Amino acid sequence: MAFWWPLLVLAAAYALCRLLLLLIPPTVPSIDVDASDGTIPPRKGKSAQTDKVQCYEPATMKYLGYFPALIPEEVKEHVTQARKAQKVWAKSSFKQRRQFLRILLKVSSRDTGKTMVDASLGEIMTTCEKITWLLDEGEKWLKPEYRSSGRSMLHKRAKVEFYPLGVIGAIVSWNYPFHNVLNPVLAAVFSGNAAVIKVSEHASWSGCFYYRIIQAALSAVGAPDNLVHIITGFAETGQALVASVDKIIFVGSPGVGRMIMQRASETLIPVTLELGGKDSFIVCEDVDLPNVVQVAVRAALQSSGQNCAGAERFYVHKDIYTSFVSQVVKIVKSICVGPPLSGKYDMGAICMIEHSDKLQNLVNDALEKGAEIAVRGSFGNLGEDAVDQFFPPTVLVNVNHTMKIMQEEAFGPILPIMKFDSDEEAIKLANDSKYGLGCAVFSGDQKRAIRIASQLHCGVAAINDFASSYMCQSLPFGGVKDSGFGRFAGVEGLRACCLVKAVVEDRFWPYIKTMIPKPIQYPVSEHGFEFQQLLVETLYGVSVWDRLRSLVNLLKMISEQNARPAPVTTKKRR
Ligand SMILES: *[C@@H]1O[C@H](CO)[C@@H](O)[C@H](O)[C@H]1NC(C)=O
Ligand SMILES: *[C@@H]1O[C@H](CO)[C@@H](O)[C@H](O)[C@H]1NC(C)=O
């Protein structure tokens with residue numbers, strides 16, 4: 001009776017200590033990051049670049065400056081330097097890696113938020129979520145993992161070990177410049193790799209500012225210089241990167257994804273492709289409508305719709321279709337579009353001028369095939385030069401799958417809304433897409449929403465929410481079909497930066513040594529086949545009795561063989 005008291009006291013004391021330790025903040029060094037306008041990074045030697053990456057601030061078209069478009073030799077040089085640095089970093093401790101993350105967390109959550117003009121809150125939050133997840137669980141998922149060793153290897157121990165692959169390359173899109181740069185860097189560096197990131201020609205300016213932050217954090221923890229590189233350029237630069245790294249992560253369009261994969265087939269490196277989507281947003285008739293309408297509009301308009309997991313197809317049950325549309329119309333009517341820096345607008349610019357035309361073409365195609373515009377948002381006071389950089393939020397009704405707007409990724413602030421009769425019809429419609437990234441399903445009955453989502457062929461599902469899985473950074477992110485394959489984020493994404501090695505070793509039993517049983521030692525005895533048969537029956541026989549009987553025979557055979565001297569004659573061979 002009295003035995004467990006001291007144990008209980010000890011456990012309580014331990015819990016209390018853990019709690020108190022949690023209250024002591026870790027010491028995180030501060031770093032100085034030059035937040036002034038970017039300077040052109042110094043170039044060593046050659047100035048053979050054929051082209052420059054010109055940078056403009058999208059909302060105002062203000063010219064920011066340019067970066068060099070790196071030629072293949074320069075890219076190779078960056079990767080070579082990264083590879084050297086990685087050899088040193090591979091030996092770093094998880095403690096040192098965590099310190100690197102803590103510095104980035106401090107910068108992201110405080111300083112960057114103030115200076116980073118075009119960062120949406122979502123970018124900062126997802127990045128902070130990723131860092132805290134890596135701090136809490138990263139090491140656990142990279143430690144050797146023990147697995148079952150099976151029947152024939154019962155005397156052994158089986159495990160998986162994770163080693164860094166070397167230099168992780170990433171070619172990232174422009175829609176979330178901060179997160180898209182930090183995301184591959186965090187996973188790569190935490191798992192002991194180097195990283196070379198090619199930023200989009202449309203977001204090079206900010207990319208180079210983030211580079212200074214990463215560089216400062218690395219040097220604050222004593223990591224080797226050159227562990228992380230950010231490079232700028234166009235297709236040629238990207239191709240050279242694919243050709244020289246040990247793994248490539250690509251975020252972009254299916255067309256470019258195919259080219260990357262082709263390139264990667266030459267060096268046979270692993271590829272992770274995140275190629276966008278045409279996500280469905282399904283609303284059953286039993287929902288709390290005003291709430292869902294707010295989520296729906298945000299799902300379509302966040303970042304001006306430039307979101308690979310943005311909602312692009314809306315399927316609404318016929319019983320609530322009319323009120324859903326009228327409530328969406330009411331909200332969108334009140335939305336005003338303008339330059340985000342002036343603060344008072346609901347939605348900002350889109351990144352590329354050509355993109356406005358593409359969006360308008362999608363809308364025109366739908367109108368020609370019988371769709372109608374239910375409402376469009378209004379423009380605020382736009383600068384004269386920048387009108388083309390904006391696209392009004394647009395709600396389309398009377399749409400169906402004959403229209404391009406229901407098939408092609410728009411990547412813009414358009415909400416096409418379609419009616420459905422039954423859950424089966426909603427599933428059929430939502431599933432009818434060449435993309436398969438994500439979906440969002442809303443129902444007052446959560447089980448029903450789950451049932452619908454489970455039948456959709458896609459990589460990510462949000463039940464009664466939108467894109468919530470991306471806030472849970474323990475989860476993998478990625479799709480199927482034209483949305484690509486492989487996963488980033490989560491356990492899967494972290495381990496995808498690793499050389500996964502299967503290792504079998506002896507258990508502690510010192511008396512069991514690896515040895516080939518006599519009957520199948522070379523030269524194979526006449527009982528060799530019989531022995532194998534008994535072994536198979538012993539290990540995998542259907543009934544326990546069969547297996548026991550075989551075991552007895554097996555042991556008998558072994559002892560007989562051991563008693564006999566080894567045969568001297570060689571067998572006749574064909
Ligand atoms: C698509 O919608 C348009 C306009 O509502 C209609 O005229 C057309 O018949 C529809 N096509 C199909 C295949 O349902
Ligand atoms: C959804 O599409 C996939 C392939 O794209 C298919 O295998 C699956 O059967 C479809 N599911 C339903 C419910 O139609």
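Bear in mind that the values here come from a model prediction, so they are computed numbers and not experimental data.
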> Can you tell if the side chain of Y211 reaches within under 4.5 Å of the side chain of I231, non-hydrogen atoms only?
Replying inline: no

>> Ring-plane angle category for F488 and F477, please: parallel below 30°, perpendicular beyond 60°, tilted otherwise.
In response: tilted

>> Let me confirm one number: the OG-NE2 distance from S244 to H78, rounded to the nearest 0.5 Å.
In response: 10.5 Å

> Looking just at side-chain N and O atoms, do E137 and W141 make a donor-acceptor pair shorter than 3.5 Å?
Replying inline: yes

> Would a distance-only check, ignoring hydrogens and angles, find a side-chain to backbone donor-acceptor pair under 3.5 Å from T232 to P68?
Replying inline: yes

> Side-chain contact, heavy-atom cut-off 4.5 Å: W89 with V189?
Replying inline: yes

> Are R97 and F94 in a cation-pi setup, meaning NZ or CZ lies under 6.0 angstrom from the ring centre and within 45 degrees of the ring axis?
Replying inline: yes

> Can you check whether P416 reaches M406 side chain to side chain, under 4.5 Å on heavy atoms?
Replying inline: yes

> So how far is it from K404 NZ to K358 NZ, rounded to the nearest 0.5 Å?
Replying inline: 10.5 Å

>> Counting only heavy atoms not in K140 (residues, nucleotides, ligands), do more than 12 fall under 6.0 Å from its NZ?
In response: yes

> If you measure only the distance, is there a donor-acceptor pair under 3.5 Å linking the side chains of Q99 and R102?
Replying inline: yes

>> When you compare the side chain of F190 with that of L142, does any pair of heavy atoms fall below 4.5 Å?
In response: yes

>> Checking side-chain polar atoms at under 3.5 Å, does S219 have a donor or acceptor matched by the opposite partner on D225?
In response: no

> Is E74 salt-bridged to K76, cutoff N-O under 4.0 Å?
Replying inline: no

> How about K481: does its NZ atom have over 12 heavy atoms from other parts shown lying under 6.0 Å from it?
Replying inline: yes

> Which word best sums up how the rings of F281 and F314 line up, parallel for under 30°, tilted for 30 to 60°, or perpendicular for over 60°?
Replying inline: tilted

> Do the non-hydrogen side-chain atoms of Y315 and S280 ever get within less than 4.5 Å of each other?
Replying inline: yes

> Are M261 and L273 close enough that some pair of their side-chain heavy atoms sits under 4.5 Å apart?
Replying inline: yes

> Is it true that E139 and R98 make a salt bridge, defined as a side-chain N closer than 4.0 Å to a carboxylate O?
Replying inline: yes

> Within a strict 4.5 Å, meaning less than it, do heavy atoms of the V503 and V160 side chains meet?
Replying inline: no

>> For E505 and K159: C-alpha separation, side-chain torsions, deciding distance, then whether salt bridge (charged side-chain N to carboxylate O under 4.0 Å, His left out) applies.
In response: CA-CA 8 Å; E505 61 192 16; K159 65 178 175 181; 3.3 Å; yes

>> For a quick check under 3.5 Å, do H179 and Y470 share a side-chain donor-acceptor pair by atom type?
In response: yes

>> Tell me the closest heavy-atom pair linking V295 and F466, and the distance in Å.
In response: CG1-CB, 3.7 Å

> Any side-chain heavy atom of V480 within less than 4.5 Å of one from F485?
Replying inline: no

> Which atom names give the shortest non-hydrogen contact between G169 and L241, and what distance separates them?
Replying inline: CA-CD2, 4.4 Å

> Are any of the side-chain nitrogens in K143 or E145 under 4.0 Å away from the carboxylate oxygens of its partner?
Replying inline: no

> Just by modelled atom types, is the I168 backbone N or O under 3.5 Å from a matching donor or acceptor in the D246 side chain?
Replying inline: no

> Would you call D482 and K278 a salt bridge, taking side-chain N to carboxylate O under 4.0 Å as the test?
Replying inline: no

> Can you name the nearest heavy-atom pair linking I213 to L104, along with the distance?
Replying inline: CG2-CD2, 3.9 Å

> Will you find, in the side chains of N183 and K130, an N or O donor that is under 3.5 Å from an N or O acceptor?
Replying inline: yes

